[in-house]
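Report on the following structure.
These numbers were taken from a predicted model, which means no experiment stands behind them.
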Amino acid sequence: MQDQAGPEFGAGKELPRLADAVVAVAGDLDLTSVLQTIVEAARSMTGARYGALGVLAATGGLEEFVHTGLPREVVDTLGHLPRGEGILGLLMRETQTLRLTDLREHPASSGFPEGHPPMAAFLGTPVRVRGQVFGNIYLTDKSGGEDGFSEIDEELLEAFAAVAGVAIENARLYALAQQREQLLSAVREVTLDLLGGTPTDEVLADVARRARQLVGADLATIAVPHGEGHLELLVADGLASEELRGAVFPREPSISGGVTRSGTPEMLADVTADPRAAQPIVNLATFGPALFVPLTVRGSAFGTLLVSRRRETPLFTDDDYRLVEAFATQASVAFEYGQAREELQRLQVVGERERIARNLHDNVIGRLFGLGMNVEGLATSLDKRERADVAHRLSGVVDELDETIREIRTAIFALSTPQGAGLAEQLASAVADAERMLGFAPSLRLHGPVSSKIPDEIQPHVLAVLREALTNAARHAKGTRVDVSLHVADEVLLRIDDDGVGPPTGQSAGHGLRNITQRARQFGGMAALDQAPQGGTRVTWKVPLDAS
């Protein structure tokens, strides 16, 4: 008995339809256009009223659903796209051609949502790319066919599905090549920004923008640590960026916090459905698919890059995931290089500051100090009864030289102190610097929370008093030991003891003691110059913290 399908197919009545469909999909390399063309060509080839192509997601379900035939108002009424249940889910699981006269009578049918047009005849077949199922073509309601789709329609669709797989693969390869070109361009732009000295915040904003464009996302953000246990959306680009930029949220529980802590990327089908509700975009209920990728420097994550799309839009693919991860990795390398360059520049600046400080100390200070000693010696050798006026004027010159030396020492200390150093480190640096004046190393003892409890406005005065006292000990004490102690509790108590000749008697306070006293009084404190317990001189400087 002769097969009816054979003669019709072989007679060439259906081959032109297949050829037209093949030609339609062969001339395009844009993946979105290719998918839409495949659906339209399959529908036209078989005479189906409705057609669709469901792209499978790596995590299960449907990643994308391309359809044709349904009026726009019906699509708007239905809302969300199919999730791959019922007959669609059956075809996804069994991955073989399925032809039904009336899909509503099949046991796997789950019915239609309200507003969905009635459908009966069904024909579906998988589309394979490199041997793996990429998705499925779905056709319903054969025009002019009371018995639904024929065996010839089935054979045509299977043959066309093979061609469609090749077209999809070509489009994906082309898209991947374009994405890689965009990736290289994005990395190059970020690297040039960093090398050109562009501020970090601006570079991060460019990283977010580039990442969003690479995968066609609607939003990109970068979250960085903010205080204890919180993160801040330092950068936001795209949809709702103005609303999200600067948002602060708890590190735990949040998706960004988990990614920053673990250093492991995450890909979500629906970010708003995730129980880690601390993420700011969850509250907007606007976004669905999301990718979270850590940004790392020297092996540690310093932030999390998020790219997200609106709800009911295609999920991110494995290719998207790999692309964003590769970009984040390259951007992190560029950041690490930029930080190393900034550190080198900082060290160069520090080296230059130290060179200037050494020059001031070794040359200018030495010459001024020597000049002051000579003038002071000349003043003491004068006959005070006959040349009292000259002696007084010379004494004033010595005082001015002392004040100049103090000001230059202040500049030296500012130049030689590392930027960002705490008070304890600055005190230690001042004591170490005094060794060159004294000829021996003073001792330093610190008690209490020195750097954290002393207010910022008092700290410079503590340093200035210490430097003044050490300078006076070098010039006048003629001792062999200097002990410095700083106690911090309800008050700041600074003591400088030496074992020298002791405090002067019968003389008015000089510039040094007057300066020390004034620095204490402006904060409700006091200063004194007394004899030390072991002999020599004790300088005491106290400021109450509750009065600061």
Side-chain angles (χ1 to χ4, degrees), residues 369 372-373 375-377 379-381 384 391-392 394-396 398-403 405-406 409-410 413 423-424 427-428 430-448 450 454 458-545 547:
F369 192 77
M373 294 291 288
V375 172
E376 190 175 30
T380 56
S381 67
K384 295 182 180 179
H392 177 73
L394 287 174
S395 178
V398 171
D399 287 343
E400 289 298 325
L401 284 172
D402 286 345
E403 185 66 23
I405 290 173
R406 278 191 291 270
R409 287 192 185 282
T410 300
F413 185 81
L423 179 59
L427 292 170
V431 169
D433 187 61
E435 182 177 357
R436 288 179 283 183
M437 297 187 297
L438 295 165
F440 57 87
S443 68
L444 174 65
R445 296 189 303 276
L446 304 177
H447 306 274
V450 172
I454 300 179
I458 295 180
Q459 291 189 17
H461 297 278
V462 177
L463 289 166
V465 170
L466 175 60
R467 292 196 295 271
E468 181 73 42
L470 291 172
T471 299
N472 288 336
R475 297 189 70 250
H476 305 299
K478 300 180 177 62
T480 60
R481 179 182 178 87
V482 174
D483 297 321
V484 179
S485 65
L486 178 63
H487 296 257
V488 180
D490 295 333
E491 64 179 5
V492 178
L493 174 59
L494 175 65
R495 285 199 182 104
I496 302 96
D497 293 341
D498 67 60
D499 62 352
V501 298
T505 57
Q507 297 183 21
S508 60
H511 281 301
L513 182 57
R514 286 198 296 271
N515 288 340
I516 289 174
T517 302
Q518 179 59 33
R519 290 179 185 278
R521 286 177 177 173
Q522 67 177 300
F523 296 105
M526 56 80 64
L529 185 69
D530 304 302
Q531 185 170 354
Q534 72 276 22
T537 303
R538 165 173 286 183
V539 176
T540 302
W541 192 82
K542 291 197 299 184
V543 169
L545 290 179

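Heavy atoms only, all atoms of each residue included: A430 and R467 are closest at CB-CG, 4.4 Å. Between K542 and A520 the shortest heavy-atom distance is O-CB, 4.1 Å. The nearest pair of heavy atoms linking A464 to R519 is CB-CZ, 3.4 Å. Counting all heavy atoms, side chain and backbone alike, L470 lies closest to P442 at CD2-CG, 4.4 Å.
Aromatic ring pairs are classed by plane angle as parallel below 30°, tilted from 30° to 60° and perpendicular above 60°; the pair H447 and H487 is parallel.
Rounded to the nearest 0.5 angstrom, R514 CZ and E468 CD are separated by 10.5 Å. Interatomic distance, R445 CZ to L427 CG, rounded to the nearest 0.5 Å: 14.0 Å. Rounding to the nearest 0.5 Å gives a distance of 6.0 Å between CD1 of I454 and CD of Q459. The CD1 atom of I516 lies 6.5 Å from the CG atom of N472; values are rounded to the nearest 0.5 Å. Distance NE2/H461 to CD/Q518: 9.5 Å, rounded to 0.5 Å. With rounding to the nearest 0.5 angstrom, the NE2 atom of H476 is 9.5 Å from the OG1 atom of T471.
Judged by distance alone, the side chain of D498 and the main-chain N or O of T537 form a donor-acceptor pair under 3.5 Å. In this structure a side-chain-to-backbone donor-acceptor pair under 3.5 Å is missing from Q531 to G502.
With a 4.5 Å cut-off on side-chain heavy atoms, L463 and L423 count as touching. A 4.5 Å side-chain heavy-atom check between V431 and V482 finds every atom pair outside the cut-off. A heavy-atom distance below 4.5 Å is found between the side chains of L493 and T540.
A side-chain contact (heavy atoms from CB on, under 4.5 Å) with W541 is found for exactly one of T517, I496, L466, L494, namely L494.
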Report task. Please test V462 against V543 for side-chain contact (heavy atoms from CB on, under 4.5 Å), starting from the C-alpha separation and ending with a verdict. Result -> CA-CA 10 Å; V462 177; V543 169; over 6 Å; no

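Evaluation of the side-chain hydrogen bond (donor to acceptor under 3.5 Å, both in side chains) rule for T480 yields D499 as partners, not counting sequence neighbours.
Pairs passing the salt bridge (charged side-chain N to carboxylate O under 4.0 Å, His left out) check and including a residue from residues 477-493, sequence neighbours excluded, read R481-D483.
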